[in-house]
Amino acid sequence: MDATRSCPDPAHVAPALLAWYDRHRRALPWRALPGEVADPYRVWLSEVMLQQTTVAAVRPRFEGWVARWPDFASLAAADEAEVMAAWAGLGYYARARNLVAAAKAVVADHGGAFPADEATLRTLPGLGAYTAAAVAAIAFGSRAVVVDANVERVVARLFAIGEALPGARVAIRAAADRITPDARAGDFAQAMMDLGSGICTVKTPSCLLCPLQDECLAFREGAPERLPVKAAKKARPQRYGTIFWLQRGGEVLLVRRPGKGLLGGMRALPTGPWVDAVPGLAEPPVVADWRLRNATVAHGFTHFDIELALAVATTDAHHDGMGEWWPIADLDRAGLPTLFAKAAAAVMRRDG
DNA sequence: AATACGTGGTC
DNA sequence: TGACCAAGTAT
């Protein structure tokens, strides 16, 4: 090897990576076969589903979604409550709201055709810097600098960027730009993600299998797993609340959460305030003979943990306007976020 | 710039 | 088994 050439050599990275990708690419439901034209709708949908969400979690949900809403027009015309229910369990529910809003914008403002350029894509709700670049590259073949957490890791190691995230993102993006090829930009982006997912992993990268080993400065220096350096995480506060299970015959009262904020727009069980100390029976949805169960439900969100007490009551009144009375036997189909699905399971474990 | 925003897989 | 983390975006 020529000891004077740069490491990594930007001209060598893409060819080596693409050759590896041609042999080892993952077969994924949203990925076009080699030589096949990508469907922008499927590319966009998969990219949004995959935001902060693992391939393992998305894989079983993707085809069912496409079967139900196969294109922009059908999604633009969809019942938003059904869309939200279909997203239940995937988290970050603003993504589902933005999916419908973006589909409507495609139909209303772009004649039903997905915009092909990165800047216009960036104007659609839910498409940030990453997703706009990924769609431009993967669906339309444009050269775009696609930087997700995989690319950050691979690039930080290739170039031995020791600055901590998030400050390192400026240098990482500049380095990613230097190795992004003009041709096969979509394959290059997906190859970087496959490499980050399967070879250049967070804790114990498989450097001996890596097609970029000869280009990697962190490998040469001996400790690639130390990069990228990350800022220390803050402790998550503990909160407490109460879930109110109001039963009438074989039905339970469900409400819809406010359109924005935590679990925004989702069906839910009624809750009282979420606060720093156990609130007991504060703020029930209706006056009833509430009984506190012994069991609690624990759940972790990104920025706090919560422990919820379960209060149960029965009623004969209709309580019109409070929410929906939902058949308990069909609760699976209500599309409850995981927290409330857990609570329902806890109530029924004891009743069942 | 820092924070809000979910969940399930992984080791 | 409890961290840690993932194909980020909006404000």
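Reckoned from all heavy atoms, side chains included, excluding hydrogens, waters and symmetry mates. The chains referred to below are lettered A, B, ... by the order of the sequence lines, with proteins before strands, and numbering in each begins at 1. Everything quoted here is computed from the prediction, not taken from an experiment.
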What is the distance from CE of Met266(A) to P of dG6(B), rounded to the nearest Å? 9 Å
Have Gln51(A) and Tyr130(A) got a donor and an acceptor in their side chains that come within less than 3.5 Å? no
Is Lys234(A) near enough to dT3(B) that one of its side-chain N or O atoms lies under 4.0 angstrom from OP1 or OP2? yes
Residue closer to the 5' end of DNA chain C, Arg236(A) versus Leu127(A) (nearest nucleotide): Arg236(A)
To the nearest Å, give me how far apart NE2 (His303(A)) and C1' (dT3(B)) are. 8 Å
Between Phe301(A) and Phe304(A), what is the ring plane arrangement, given parallel below 30°, perpendicular above 60°, and tilted in between? tilted
Segment of DNA chain C, first to last nucleotide, that comes within the 4.0 Å heavy-atom reach of chain A: dC5(C) to dA10(C)
Spacing of Phe301(A) atom CZ relative to dT7(B) atom C1', expressed in whole Å: 10 Å
Which part of the nucleic acid, if any, lies within reach of Pro337(A) when heavy atoms closer than 4.0 Å are counted: base, sugar-phosphate only, or nothing? sugar-phosphate
Could you give the CE-to-C1' distance, from Met49(A) to dT7(B), as a whole number of Å? 14 Å
Would a distance-only check, ignoring hydrogens and angles, find a side-chain to backbone donor-acceptor pair under 3.5 Å from Arg256(A) to Gly265(A)? yes
Do the rings of Trp290(A) and Phe244(A) sit parallel, tilted or perpendicular, given the 30° and 60° boundaries? perpendicular
Between the side chains of Ser142(A) and Glu118(A), does any donor sit under 3.5 Å from an acceptor? no
Might you point out which heavy atoms bring Val347(A) and Arg293(A) nearest each other, and give the distance in Å? O-NH1, 3.6 Å
If the threshold is 4.0 Å, N to carboxylate O, is there a salt bridge linking Glu225(A) and Arg153(A)? no
Find the distance Gln51(A):CD to dG6(B):C1' and express it as a whole number of Å. 13 Å
What does Gly196(A) touch in the nucleic acid at a heavy-atom separation under 4.0 angstrom: a base, only the sugar-phosphate, or nothing? nothing
Sugar-phosphate, base or nothing in reach of Leu28(A), heavy atoms under 4.0 Å: base
Residue pair Ser197(A) / Asp194(A), side-chain donor-acceptor N/O under 3.5 Å: no
State plainly whether the residues Glu152(A) and Arg169(A) are in salt-bridge range, i.e. N to O under 4.0 Å. yes
I'd like to know if the side chain of Ser6(A) and the backbone of Pro8(A) have a donor-acceptor N/O pair within less than 3.5 Å. yes
Strictly below 4.0 Å, N to O, side chains only: are Arg143(A) and Asp177(A) in salt-bridge contact? yes
Taking atom P in both dA7(C) and dT3(B), compute the distance separating them and give it to the nearest angstrom. 24 Å
Expressed as a whole number of angstroms, how long is the span from Arg169(A):CZ to dA2(B):P? 12 Å
d(CG, Asp305(A); P, dA4(B)) in whole Å: 14 Å
At 4.0 Å (heavy atoms only), tell me whether Leu90(A) reaches a base, stays on the sugar-phosphate, or touches nothing. base
Go through DNA chain C and write down every stem, that is, every run of at least three consecutive Watson-Crick or G-U wobble pairs with distances under 3.5 Å, as range with range. B:2-5 with C:8-11, B:7-11 with C:2-6
According to the interplanar angle, ranging from 0 to 90°, do the rings of Phe62(A) and Trp30(A) count as parallel (below 30°), tilted (30 to 60°) or perpendicular (above 60°)? perpendicular
How would you label the contact of Trp30(A) with the nucleic acid (heavy atoms, under 4.0 Å): base, sugar-phosphate, or nothing? base
Any base atoms under 4.0 Å from Ala129(A), or only sugar-phosphate, or nothing? Heavy atoms, all strands. sugar-phosphate
Protein-nucleotide distance (Leu165(A), atom CG; dT3(B), atom P), rounded to Å: 16 Å
Look for any protein N or O under 3.5 Å of an N or O in nucleotides 8-11 of chain B and output each such pair with its distance, or none.
| unit_1 | atom_1 | unit_2 | atom_2 | d |
| --- | --- | --- | --- | --- |
| dG8(B) | OP1 | Thr338(A) | OG1 | 3.2 |

Cationic tip of Arg257(A) within the cone over Trp274(A)'s six-membered ring, i.e. under 6.0 Å and within 45° of the normal? yes
Across the strands shown, which category fits Ser46(A) at heavy-atom distances under 4.0 angstrom: base, sugar-phosphate, nothing? nothing
